[in-house]
Structure formats: C-alpha cells, structure tokens
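A note on names: the letters A, B, ... follow the listed sequences, proteins ahead of strands, and every chain is numbered from 1.
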Amino acid sequence: MLIKLRQTAIVAEHILSLSSKNPFTRQLYHTTFPPVQSKLRALCSNGQLQEALLEMAVQGLEMKFEGYDTILNECVNRKSLREGQRVHTHMIKTQYLPPLYLRTRLVILYCKCDCLVDARYVFDEMPERNVVSWTAMISGYSQKGFSSEALNLFVQMLRSGTEPNEFTFATVLPSCTGDYGLDYGRQIHSLIVRYNYDSHIFVGSSLLDMYAKARRIHEARTVFDSLIQRDVVSCTAMIAGYAQLGFDEEAVELFRKLLKEGMCSNYVTYASLLTALSGLAALDQGKQVHNHILRHQLPSYVGLLNSIIDMYAKCGNLVYARRVFDSMPERTVISWNAMLVGYCKHGMGSKVIELFKMMRAEGKVRPDRVTFLAVLSGCSHGGMEDTGLEIFDEMVAQKDALEPNIEHYGCVVDLLGRSGRLEQALKFIDEMPFKPTAAIWGSLLGACKVHSNLDVGEYVGRQLLEIEPENAGNYVILSNLYASAGRWEEVRNLRELMKEKAVSKEPGRSWIELDQTLHTFHASDRSHPRKDEVHTKVKELAVRLKEAGYEPDLSCVLHDVEDEQKEKILLGHSEKLALAFGLLSTSDGTPLRVIKNLRICVDCHNFAKIISKLYGRTVSLRDKNRFHHIKGGVCSCGDYW
DNA sequence: TAGAGTTGCA
C-alpha cells in the first residue's frame with residue numbers, strides 16, 4: 001500500500017514537472033493530490049487571512065513559497081490591502097527573500113489597492129524583472145490615469161532589454177492620451193507590427209480605441225477591419241469610438257450590422273449605442289433598446305441606467321428619465337448629473353435646484369464639477385440668475401471643496417449677461433483668474449443682442465472675432481446686433497471681413513424621427529424623396545405665416561444678395577424643411593420634435609413659434625445648446641438661448 | 001512556475 005502511494009506521488013510529481021505551464025495538468029494534479037496546505041487554502045477562501053498566517057507557521061510553511069503564494073493570491077483576489085501588508089511585513093520580519101514571482105504579486109496587490117507608491121517601491125527593489133513584472137507596474141499606472149508614468153516605464157522596459165508582449169501593448173496603449181498621445185501611439189503601433197501582434201484581439205481593441213480617442217476615426221476603423229477575429233470588446237470599442245466623436249449614424253449602423261453577423265453585446269455595448277441614439281434624439285429607437293434591456297434582464301448596472309437617463313433626457317422625455325432615476329437602487333454622481341443636465345437643457349431651473357437640494361440632503365454622493373456646471377447653467381437657462389450667482393459665491397467661499405474652473409466662470413458671465421448686467425459681466429471677465437475663451441465672449445455677445453446693447457456688444461464682438469475668426473456663427477450674431485440698430489454699413493463691413501477670412505460654416509442639418517426612421521434635411525435640400533412636397537409646403541407656410549405676423553429676419557443671412565434672395569435662403573433652412581415635413585406627415589395635433597446640429601437661428605425660432613400658434617402644435621426643437629419647447633407661440637427659452 | 005491586458009455613461 002505504502003509503495004503504491006509512493007509510486008503515485010512520483011507519477012504526480014512527474015506530471016507536474018513535465019508540463020507545469022499547462023493549467024489542465026496543474027488542475028489534474030491538485031484535484032488528484034490535495035496539497036498539504038489544504039487547511040491554509042480553506043482559511044484563505046473564508047477570508048481568515050490573519051488565521052492563515054498563523055496556520056502557515058503550524059504547517060511549517062513559514063518562509064516557504066507555497067505558504068506566501070496561497071495567502072497573497074487570496075489578498076489579490078479580495079483586494080485586501082491590510083492583510084497583504086501583513087504578509088509583506090511577515091516576509092521582511094522573517095528575513096524571507098521573495099522570488100521574482102512573489103515580488104510581482106506584491107506589485108500587483110499594491111496596484112490593485114491603489115497604493116502605487118508601495119507598488120513602485122517593491123518594483124524598484126526587485127533584483128531582477130521580467131515582462132510580467134514590468135507589465136504589472138505599467139498597468140498600475142495606466143489604470144489609475146498616470147499616463148506619462150506608464151509611458152516612461154514602458155520606455156525604460158525597452159531600454160532594459162525586456163521584450164514587450166501582447167499584454168504589455170494592450171496595457172500601455174490606453175496611456176497614449178493627451179497632446180502627444182497620438183505620436184506615442186503611432187510609434188507603439190509600429191513596434192506592435194514589428195512584434196507581429198497587430199492582429200491580436202486585445203492589442204487590436206486597445207489600438208483602435210487609442211486612434212478613436214485621438215479623433216482618428218478612419219485609422220480606428222482600419223485597425224478594426226484588419227482584425228482577423230472580433231469580440232464584444234473590439235466591436236464595442238469601435239461603436240463607442242463612433243458615438244464619442246459624434247458619428248452617431250455610423251455607430252448605429254455598425255451596431256445593426258454586427259448584430260446581424262452574430263456579435264454578442266454587453267452592457268458597455270448598449271451604453272455606447274444609447275449615446276449614439278441620444279445624439280440623434282432617436283426616441284423610438286432608444287425606447288426599443290430600453291425595452292430590450294428590460295426584456296433580456298441585463299443586470300441593471302448603474303452605468304447602463306445612467307445612459308438610459310441621458311438618452312431619455314436628450315430625446316426630450318424627462319418624465320421617463322426621471323422614472324428611471326427614481327427607480328435606481330443606487331446612484332453615482334453621474335446619475336445625478338445626467339438628470340440635472342437633462343432639466344438644465346430644458347430650461348427647467350427650479351427642477352434643477354430642487355434636485356440639487358435633494359442630492360445635498362441625501363448626502364451619499366458628493367457634487368463634482370459637472371454637477372455645478374449643470375446647476376449654474378440650469379439657473380441661467382431657467383431664468384434664475386440670482387440663485388445661480390448665490391451658488392457660485394458658495395462655491396468660491398468653500399475653497400477646499402471644489403475650485404470653480406473656467407467653465408464655471410463662463411456660466412457666471414452667462415448669468416450676468418442674461419439678467420442684463422452687461423457692464424458687470426465685462427468687469428467680471430476682466431477680474432477672473434482665467435483668460436476668456438471664445439465661448440465666454442460668445443455668450444456675452446448673445447446677451448448684448450437680447451438686451452440691444454450695441455456699445456458693449458461691439459467691443460465683445462471684436463474680441464470674439466479676434467480669437468475665433470473662423471466661426472461663422474459669431475459674424476451672424478454681431479450682424480444681427482448691427483442690423484437691429486440699423487447700422488447697415490457695419491453689416492456690409494462684416495460681410496467683407498467674413499469673405500476675407502474665408503469663413504466656412506459647418507453645414508446645418510435638421511432631422512425628425514417618424515416611425516423609427518430619421519428624416520434628415522440639409523439647407524435647401526433636394527435629396528429627400530418627398531422634396532417637392534416639402535418645398536411647396538414651406539412656400540405655403542411662408543404665405544400663411546406672414547399673414548399671421550411672421551416677418552423674415554434678413555439679418556440672419558450674411559450673403560451679399562438681394563432681399564428677395566435672402567428670404568429664399570431663409571426658407572431653405574434645414575429646420576424649416578424638417579418642420580414642414582413633420583406637418584405633412586403627421587396628423588393634426590401631433591407634437592413635432594425636430595433636432596438641429598447647430599444653434600437655431602433667430603428667424604427659424606420665430607417661424608417655429610408662429611407654426612405652434614397657427615397649427616396648434618407643440619414644437620420641441622433641440623439645438624446644439626438646449627431644448628426649445630414651443631407652445632401657443634411662446635418658447636420655454638424666453639427667446640434667450 | 002503560477003502572475004500582467006482591451007470597451008461605456010454627464
């Protein structure tokens with residue numbers, strides 16, 4: 001019997017030594033011959049790590065690789081920093097010199113527990129390193145957002161002569177961000193090609209994501225198309241890349257294509273798809289995705305629910321957004337922000353404040369910079385200037401909590417401008433600790449237009465044209481301002497200046513969703529299948545609306561043409577085409593929901609207001625900045641946007 | 001010798 005057992009043990013050792021790299025063989029070995037430290041393992045898996053350390057001494061495994069390995073392994077799995085530190089201290093106390101493998105495990109443990117300084121200490125003290133220890137340390141930096149440290153270490157690794165592998169490349173690529181990210185990324189890409197990892201699925205996903213984050217969507221797509229094998233992560237990375245750069249239609253299209261090809265989706269895929277649908281304001285399709293998620297009982301990850309809230313808010317359905325928000329078992333700061341931004345974009349200042357108070361009262365989640373941005377901007381869009389200014393003062397007073405940044409200062413300029421305190425706004429810009437951006441001057445110029453203040457407006461407009469001469473929208477607002485003061489000479493000069501600077505404008509387009517289909521119109525569009533009907537309808541509308549008091553605002557056109565031609569150009573604006581198509585294709589009383597990619601022009605805003613009154617339709621119009629809910633000739637923005 | 005890696009939401 002004894003001989004038989006001994007023979008079996010020899011065979012077992014042989015199996016292990018033959019192929020210890022093979023997980024199956026190891027599994028077989030451990031199943032057939034339970035290791036001596038089974039009690040130690042049991043204690044570890046129960047989380048009794050302190051007891052496990054004692055047991056190690058009892059079993060005589062103290063200062064032995066197996067003992068430390070068992071406990072450290074559990075510490076890494078459970079991210080138990082305290083116990084891990086005890087193991088580390090134990091090693092030092094007993095003067096045990098851990099081999100490379102255990103030192104690497106310590107690095108990994110400290111990285112996972114956010115103790116990068118400790119991880120680096122262990123790493124620096126290592127007498128020798130291999131690709132795994134380098135990659136583990138790079139991963140620690142990379143995952144915590146210390147990109148330059150990760151890249152530096154990667155360079156040091158190459159200099160040390162250690163060859164990177166597929167793990168290293170997949171780890172280091174997410175650190176190629178920021179100003180020089182693309183340059184580093186490209187260099188690493190050529191290394192990847194040299195090492196022949198360019199079609200590796202993890203490396204490929206990381207690589208395409210790097211290009212997408214650097215706004216190189218075509219290069220990202222080239223990498224994606226070159227992958228021999230695709231999985232949920234690479235597909236999601238590509239869809240997310242499209243969605244983040246505003247290629248919403250491409251994102252939805254790719255999702256549909258990949259779904260047909262049998263792609264698996266996870267909650268990240270749906271979150272990315274929802275981002276694209278939010279961009280398109282495709283409410284019906286968004287609802288369909290929400291139903292799909294409910295039907296398939298995908299786990300209700302907070303992140304996914306946040307995306308659903310955002311989708312409903314951006315599609316104009318705040319009731320649904322709030323319903324999802326209220327039903328959440330737990331909320332992150334992003335959940336609150338999504339809901340706050342939703343109310344803000346709809347100009348519902350009092351709702352923003354109500355929710356912000358609720359957030360503070362609940363006290364579970366701390367407001368961050370986006371929260372304050374939504375609150376300040378919500379006060380501005382909701383006509384609650386004084387409340388907004390009070391909140392900003394609170395922010396400045398609580399210096400340690402959250403320092404306002406340039407965007408918060410921009411909100412204050414907007415608040416002051418809206419309330420007509422234009423001189424005060426100028427003074428505020430002068431005294432703020434940041435250099436004013438084009439966005440700040442732009443918002444003040446808008447305020448000057450609304451309050452017909454040509455003096456301040458002219459100064460602000462010149463500042464704006466100096467720092468952002470290529471933005472056609474700026475010329476239009478300034479021209480509106482001059483036109484309303486009857487300064488036609490200045491309007492002409494502006495037109496000349498615009499020609500001189502060769503200003504190009506992003507083409508405007510508007511769309512409307514009917515039966516889950518988006519109908520898109522460009523300015524003076526002739527491509528829609530029902531173009532003739534639409535153009536006839538717009539002309540007919542112009543006649544009826546004029547009778548009801550619509551007066552085309554010709555200052556919205558900066559082309560040097562006759563007034564009659566200007567009127568034609570105005571009637572060709574994409575939002576008018578989308579509205580006309582909506583009227584043609586829906587029954588009486590149906591609300592119209594139009595989305596515009598740019599800021600809506602004054603003339604189209606007037607046009608929509610009169611339509612709502614004349615045809616008894618609610619028009620909800622989402623432009624680049626916010627929602628305009630128009631009912632009975634009155635807009636929720638109070639004609640200030 | 002085991003150990004290390006990629007995607008999303010304001």
Gap between atoms [atom1] and [atom2], on [X] and [N] respectively (whole Å):
X        : N      : atom1 : atom2 : answer
A:Phe202 : B:dT7  : CZ    : P     : 11 Å
A:Arg105 : B:dG3  : CZ    : P     : 7 Å
A:Leu376 : B:dA10 : CG    : P     : 19 Å
A:Lys345 : B:dA10 : NZ    : P     : 11 Å
A:Leu274 : B:dG8  : CG    : P     : 14 Å
A:Met126 : B:dG3  : CE    : P     : 15 Å
A:Leu304 : B:dT7  : CG    : C1'   : 14 Å
A:Met238 : B:dG8  : CE    : P     : 12 Å

[Y] backbone acceptor or donor facing [X] side chain under 3.5 Å:
X        : Y        : answer
A:Ser139 : A:Thr135 : no
A:Thr371 : A:Asp368 : yes
A:Ser307 : A:Gly303 : yes

Go through [options] for me and flag the one nearest to the [X] side chain.
X        : options              : answer
A:Asp209 : B:dA2, B:dA4, B:dT7  : B:dT7
A:Val268 : B:dT7, B:dG5, B:dC9  : B:dT7
A:Asn165 : B:dA10, B:dT6, B:dA4 : B:dA4
A:Phe167 : B:dG3, B:dG5, B:dA10 : B:dG5
A:Ser139 : B:dG8, B:dG3, B:dG5  : B:dG5

Name the nucleic acid region contacted by [X], choosing base, sugar-phosphate or nothing; use a 4.0 angstrom heavy-atom cut-off, strictly under.
X        : result
A:Thr236 : base
A:Thr275 : sugar-phosphate
A:Ile108 : sugar-phosphate
A:Val341 : sugar-phosphate
A:Tyr270 : nothing
A:Gln244 : sugar-phosphate

**Q.** A:Tyr211: which of A:His189, A:Arg221, A:His218 passes side chain to side chain donor-acceptor pair (under 3.5 Å)
**A.**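 Option passing the side chain to side chain donor-acceptor pair (under 3.5 Å) with A:Tyr211: A:His189.
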Pair of N/O donor and acceptor under 3.5 Å linking [N] base with [X] side chain:
X        : N     : value
A:Ser272 : B:dG8 : no
A:Asn73  : B:dA2 : no
A:Ser206 : B:dT6 : no

Q.
Stacking between A:Tyr101 and B:dA2, defined as ring centres under 5.5 angstrom apart with planes under 30°, is that present or not?
A. yes
Q. Does the ring of A:Phe65 meet both stacking tests against the six-membered base ring of B:dA2: centre distance under 5.5 Å and plane angle under 30°?
A.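 Per 5.5 Å and 30° rule: yes, stacked.
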Q: Using a 4.5 Å cut-off on heavy atoms from C-beta on, say whether the side chain of A:Arg103 contacts that of A:Ser133.
A: no
(Q) Tell me whether A:Lys345 is salt-bridged to A:Asp623, with the criterion being a basic N under 4.0 Å from an acidic carboxylate O. (A)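 Answer for the salt bridge query: no.
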Q. Does A:Lys213 put a side-chain nitrogen or oxygen below 4.0 Å from OP1 or OP2 of B:dG8?
A. yes
